[in-house]
Amino acid sequence: MDWDEFSGWSKQITDWGAQYHKGLRDRPVRAQTAPGQIAAQIPVQPPQQPEDMAAILQDFDDIIMPGMTHWQHPRFFAYFPANATPPSILAEQLVNTIAAQCMLWQTSPAATELEGVMVAWLRQALGLEDGFTGVIQDSASSATLSAVLTMRERATGFTSNRTGLAGRGALRIYCSDQVHTSIDRAIWVAGIGQDNLVKIPGAGPHHAMDPADLDAAIRADIAAGHTPAGIIAITGGTGVGACDDLDPIIKIAKTHDLYTHLDAAWAGSAMICPEFRDAYWHGVDGFDSIVFNPHKWLGAQFDCSIQFLRDATPQLNTLKIEPEYLKTSGDAVTNYSEWTIPLGRRFRALKLWFLIRSYGMTGLQERIRNHVAWAQELCEAIRALPGFEISTEPVLSLFSFRCPGDDQTQQKLVDAINDDGRIYLTQGAFQGQKIIRVQVGQFDTTRDDVMSVATVVQEVWESMR
Ligand SMILES: *Cc1c(COP(=O)(O)O)cnc(C)c1O
């Protein structure tokens, strides 16, 4: 393909994209295909001869599209959102086209410098103190792993990268039982071991860990000869939106000289609204590391995860490595690959720049406020359905409910709702019971889309009986 042909196909794909988004409400939200159905339509062996782009795009429409679940569908209420707003998609098209590898300042100074400014914009937008710097990572999982490795290095006097962990006794890390599995996996990968991730039960209206339990667990570990290394708190757990009480956690961390990381992957976006900071984020400035995903609720196309750091030095002392071939430009510049585990990095800051400029902070705040208000309204409509109960009250725009009947009935209802296709919900677990989760956060969703959940739930429930 030459670049003139490329131009023609690009225009065609852009038009296809606008039509796709405008017609999303007419498609079932979740793919309605059986396992293996898509793969069976694709040749087992690669073609030996070149094929025409027209044929490739035709197959894309015929074979691939029926097997897609539509994350940008206005009635997507499953998991958490993965909003890709039009300006962020345009930025990604530019980034894809330039296809730069932005590992060092020198390998694209604009990417590094824009990243620094975007982190600073979002620091202010989230109301964090001046001192925080940060880096854009691919995912919250990577940011959390970076923080856990930093906890490990710091607790071993920055020697375990060199000598390993053998013969040191147990390093211990603390969190609530509401954290995301990315925390467990970070503990595995860091060589700390699942048994050394101490989980404190979450309780109360915010499903928060009890600071007294946390402190007692740390003291018991010290008495047992273990080495506490860090605390991981959560704002907006994946299951039911658990939010830890941050102030007391920071006090405990200071008492025991522990490194702290906050996972706000989903809920962090809502903190652009000061009223939600007041409700959920007291004490946030005390954390050493904070992660949030603009690629979830804020509208920046995946992937875009910001890790704020109060002092980048411990993480740099953990991850920075500088072979001769990467030595460039001296100390005057930032080389963000030294802050993260992967060397290679995409130009992720551009979509934030396009997004924030296009919407302005007020445009983004308005969407998030609507989502929270509509989720609360929907929660009341579901509470009013005969025999239905609210299992967990709304935390921001996430709540969960149960229909009459046992766990099996809950799953049957979720499956029937998703087979129906008008909306998409997922199940979860809370206090040993199956629950049905609802989150509101898709950028094109309207109040009518949100309120349609109550209607669809009721209709599907009645058709099941
Ligand atoms: C989504 C989510 C994660 C994982 O995010 P990735 O960017 O996919 O790694 C971690 N923690 C919470 C609370 C989440 O909601």
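Reckoned from all heavy atoms, side chains included, excluding hydrogens, waters and symmetry mates. The shown structure was predicted, so the numbers you read here are calculated from the model rather than taken from an experiment. Numbering of ligands and ligand atoms starts at 1, following listing order.
Aromatic ring centroids of F443 and Y359 lie under 6.0 Å apart. Aromatic pair W105/Y336: ring centres not closer than 6.0 Å. A ring-centre distance under 6.0 Å is found for H70 and Y20.
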- Message: Would W16 and F60 count as a ring-ring contact (aromatic ring centres under 6.0 Å, His included) here? Give the steps.
- Response: CA-CA 12 Å; W16 179 96; F60 168 76; 5.4 Å; yes
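Closest protein heavy atom to atom 11 (N) of ligand 1: D263 OD2, 2.7 Å. The protein atom (non-hydrogen) at minimum distance from atom 1 (C) of ligand 1 is K296 NZ, 1.4 Å. Shortest contact from atom 9 (O) of ligand 1 to any protein heavy atom: S141 OG, 2.5 Å. Looking only at protein heavy atoms, the nearest one to atom 7 (O) of ligand 1 is A140 N, 2.8 Å.
Listed by number with element, the atoms of ligand 1 under 4.0 Å from a non-hydrogen atom of F80 are 15 (O). Applying the 4.0 Å criterion to heavy atoms of T238 picks out, from ligand 1, the atoms 12 (C), 13 (C), 14 (C), 15 (O). Close approach to S182 involves these atoms of ligand 1, each under 4.0 Å from a residue heavy atom: 10 (C). Each of the atoms 7 (O) of ligand 1 lies under 4.0 Å from some heavy atom of H295. Distances below 4.0 Å separate heavy atoms of G236 from the following atoms of ligand 1: 13 (C). Atom numbering of ligand 1 starts at 1 in the shown order; those under 4.0 Å from a heavy atom of A265 are 2 (C), 3 (C), 10 (C), 11 (N), 12 (C), 14 (C). Ligand 1 places these atoms under 4.0 Å from at least one heavy atom of N293: 5 (O), 6 (P), 7 (O).
Considering backbone and side-chain N/O of S305, none are found under 3.5 Å from N/O of ligand 1.
Counted by atom type alone, D449 and S452 present zero donor-acceptor pairs between their side chains at under 3.5 Å.
Of the candidates H21, K351, Q72, H21 is the only one forming a side chain to side chain contact (heavy atoms under 4.5 Å, CB included) with I89.
Remark: R357 is positioned above the aromatic ring of W353, its terminal NZ or CZ atom under 6.0 angstrom from the ring centre and at most 45 degrees off the axis.
For the residues R185, Q439, H180, Q137, the heavy atom positioned nearest atom 4 (C) of ligand 1 is part of H180.
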Would you tabulate the side-chain donor-acceptor contacts of residues 290-297 under 3.5 Å, counting partners in other chains and residues two or more places apart, or write 'none'?
{"unit_1": "N293", "atom_1": "OD1", "unit_2": "S305", "atom_2": "OG", "d": "2.6"}
{"unit_1": "N293", "atom_1": "ND2", "unit_2": "H295", "atom_2": "NE2", "d": "3.1"}
{"unit_1": "H295", "atom_1": "ND1", "unit_2": "C304", "atom_2": "N", "d": "2.9"}
{"unit_1": "H295", "atom_1": "ND1", "unit_2": "C304", "atom_2": "O", "d": "3.3"}
{"unit_1": "W297", "atom_1": "NE1", "unit_2": "H371", "atom_2": "ND1", "d": "2.9"}

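Qualifying side-chain contact (heavy atoms from CB on, under 4.5 Å) partners for R277, counting only residues two or more places apart in sequence or in other chains: M271, P274, W281.
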